[in-house]
Amino acid sequence: MSTAPNRRAVAVILLIPLMVTLALWAFAWPAARIAPRDLPVGVAGPASAAQQLQQRFDQRDGAFDVHRFDDEADARAAIEDRTVYGAVVVTPQGPHLLTASAASPVVSQLLREAVTASVPEDTPVRVTDVVAAPPGDPRGSALGASVLPLALAGMAAGAVVTLLGLRGARAAATLIGAAALVGLAATAVAHSWLGALTGDWWTVAGVLALTVLAIGSAVAGLAALFGPRGIGLGALLMVLLGNPFSGVTSAPELLPEPVGAIGQWLPPGAGGSLLRSVAFFDGSAAGAAVLTLSLWTLFGLAAVLFARRAPTPAEPVEPAREPALTG
C-alpha cells in the first residue's frame, strides 16, 4: 500500500488548522488591539492654554503625535490636507473639537471621548466635523468593506492569467483590461448607486482600477517567478495580511506596531488610503500611496513580461525536437 496518499492526508489535516490559526491571528489580533499610537492630532489657541492641553495629550505616552497651530484656520487646513486627524481649539467658551469623520469615524469618536474626559464635567465641548463622511456611508462601513472584494478581484485576475497559461504582453493586457473593468463596475456601485464615495467619478474609478491592477500584477508576477506556489504567496500577502493590516476600517495609527506601517506598504492598504484621499480630500496626501501601488504594478508586470517559468498544468509542454539526420 502506497504511503503517498496517507502523507497527503496528514498534510491536509495539519495544514487546515494552521491556516485557520494564521487567519485568526491576522484578522482578530489587530482588531483586538486597536488603540492610538502616535496618532496625529492638533492643538490651537493661546500659547498657555494650548500648552496645558498638549500636556494632557502627552500624558498618554506614545498615544498622540501633537501638532501646534496658531489658530482654528490653520488647524482646519491641516485636517483637510490629512496632516492630522483632528484638532482641539482652545476658545474662551471652552474647547472646540475639529474632526474629520471621512478620514476615520473611529478616530473621530476616539477624539470626542478623549477631549470630553480631559475637561471638567460641566465644560461643554463643541464639535465640528470639518470633512464629514458622505450621507450614503456615515460610518465608513462601505469603504471598509470594499478592501476585501478589491483584493479578491486582483487575486482572481492574477490567478486566472497564470492558470490559463497567458504570457508576455497578452497576460499584461489581460490584467490591465480586467482591472479597468473592475474599477468602472466598483465605482458605479459605490459612487453612483450607494453614494459611499464622493469626489471625481473617473478619478475614483482610476484608483480602484490601479489597486486591482497592483494586486493582480503582483500575484501573476509571483507566479511567473515561482510557479503556482506564487499564487499562494500572493494570497498570503494580499488577502491574509493586506486586508486586515490595511487599517481602512479604523486607521493605520490605531493598529499594533508595525502592522499599520506594513499594511501601507501592501496594495490593499495603499489603495484604501488613496481612495480616501481622492474621494474626500481632493487628493491630499496621496503621493505615498500612488508610489506604493505603482511599484507593485511595475514589479508584477515586469515579472510577467520577462520572467521565465515552468508551464502550468493548463499549458502543453512542447516536445523536444530531434536533430536532423545528415548524410
Side-chain angles (χ1 to χ4, degrees), residues 25-42 57 60-67 78-87 99-114 130-131 133 137 139-151 154 196-197 207-208 210-211 214-215 218 236-281 283-296:
W25 168 80
F27 281 84
W29 172 59
R33 297 292 184 268
I34 286 181
R37 297 171 176 86
D38 290 326
L39 184 72
V41 298
F57 278 114
R60 300 181 61 176
D61 187 29
F64 297 99
D65 178 18
V66 181
H67 298 241
I79 293 173
E80 293 169 352
D81 292 339
R82 300 198 72 186
T83 303
V84 295
Y85 281 91
T99 64
S101 58
S104 172
V106 176
V107 171
S108 297
Q109 182 62 31
L110 184 150
L111 291 177
R112 286 171 182 255
E113 296 172 355
V130 177
V131 185
D137 187 27
R139 296 178 178 83
S141 302
L143 179 61
S146 65
V147 175
L148 182 58
L150 293 177
L197 300 174
V207 169
L208 293 171
L210 178 60
T211 303
I215 297 171
L236 174 66
L237 290 174
M238 303 302 164
V239 178
L240 198 58
L241 298 181
N243 183 50
F245 288 10
S246 67
V248 176
T249 57
S250 55
E253 294 85 357
L254 297 184
L255 299 179
E257 296 179 349
V259 166
I262 293 174
Q264 297 307 298
W265 298 337
L266 297 174
S273 179
L274 181 58
L275 187 59
R276 282 193 191 278
S277 292
V278 302
F280 309 127
F281 294 89
S284 298
V290 171
L291 178 61
T292 299
L293 294 174
S294 300
L295 290 176
W296 279 101

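A 4.5 Å side-chain heavy-atom check between R276 and V248 finds at least one atom pair inside the cut-off. Using a 4.5 Å cut-off on side-chain heavy atoms (C-beta onward), L111 and F64 make contact. When side chains are defined from C-beta on, L275 counts as touching L208, because their heavy atoms get closer than 4.5 Å. Taking 4.5 Å as the limit, some side-chain heavy atom of W29 sits within range of a side-chain heavy atom of V259. Side-chain contact between P36 and L254 is present, with at least one heavy-atom pair separated by less than 4.5 Å. E257 has its side chain within reach of D38: a pair of non-hydrogen atoms, C-beta onward, lies under 4.5 Å apart. For the pair L143 and F280, the minimum side-chain heavy-atom distance is below 4.5 Å. Side-chain contact check for P30 versus P256: some heavy-atom pair is nearer than 4.5 Å.
Heavy atoms only, all atoms of each residue included: S273 and R82 are closest at O-NH1, 3.2 Å. Residues G242 and P268 approach most closely at O-CB, 3.5 Å, considering heavy atoms. Of all heavy-atom pairs between F245 and L255, the closest is O-CD1, 3.7 Å. What you find for T83 and P40 is that their closest heavy atoms are O-CB, 3.5 Å. Taking both residues in full, the closest heavy atoms of V107 and A251 are given as CG2-CB, 3.8 Å, listed atom of the first, atom of the second, then distance. Closest heavy-atom contact between I79 and A100: CG2-CB, 3.6 Å.
To the nearest 0.5 Å, atom CZ of residue R60 and atom CG of residue L39 are 9.5 Å apart. Remark: Q264 CD to L274 CG distance equals 10.5 Å, nearest 0.5 Å. If you take CG on L110 and OG1 on T99, they are separated by 12.0 Å, rounding to the nearest 0.5 Å.
Counting only distance, with no hydrogens or angles, the side chain of S101 and the backbone of A133 share a donor-acceptor pair below 3.5 Å. Checked by atom type and distance alone, the side chain of S246 pairs as donor or acceptor with a backbone atom of N243 at under 3.5 Å. Using a distance-only test at 3.5 Å, with no hydrogens or angles considered, no donor-acceptor pair links the side chain of R37 to the main chain of A63. Between the side chain of S141 and the main chain of D137, no donor-acceptor pair closer than 3.5 Å is present. A side-chain donor-acceptor contact under 3.5 Å links T211 to the backbone of V207. In terms of modelled atom types and a separation under 3.5 Å, the side chain of W296 and the main chain of W265 share a donor-acceptor contact.
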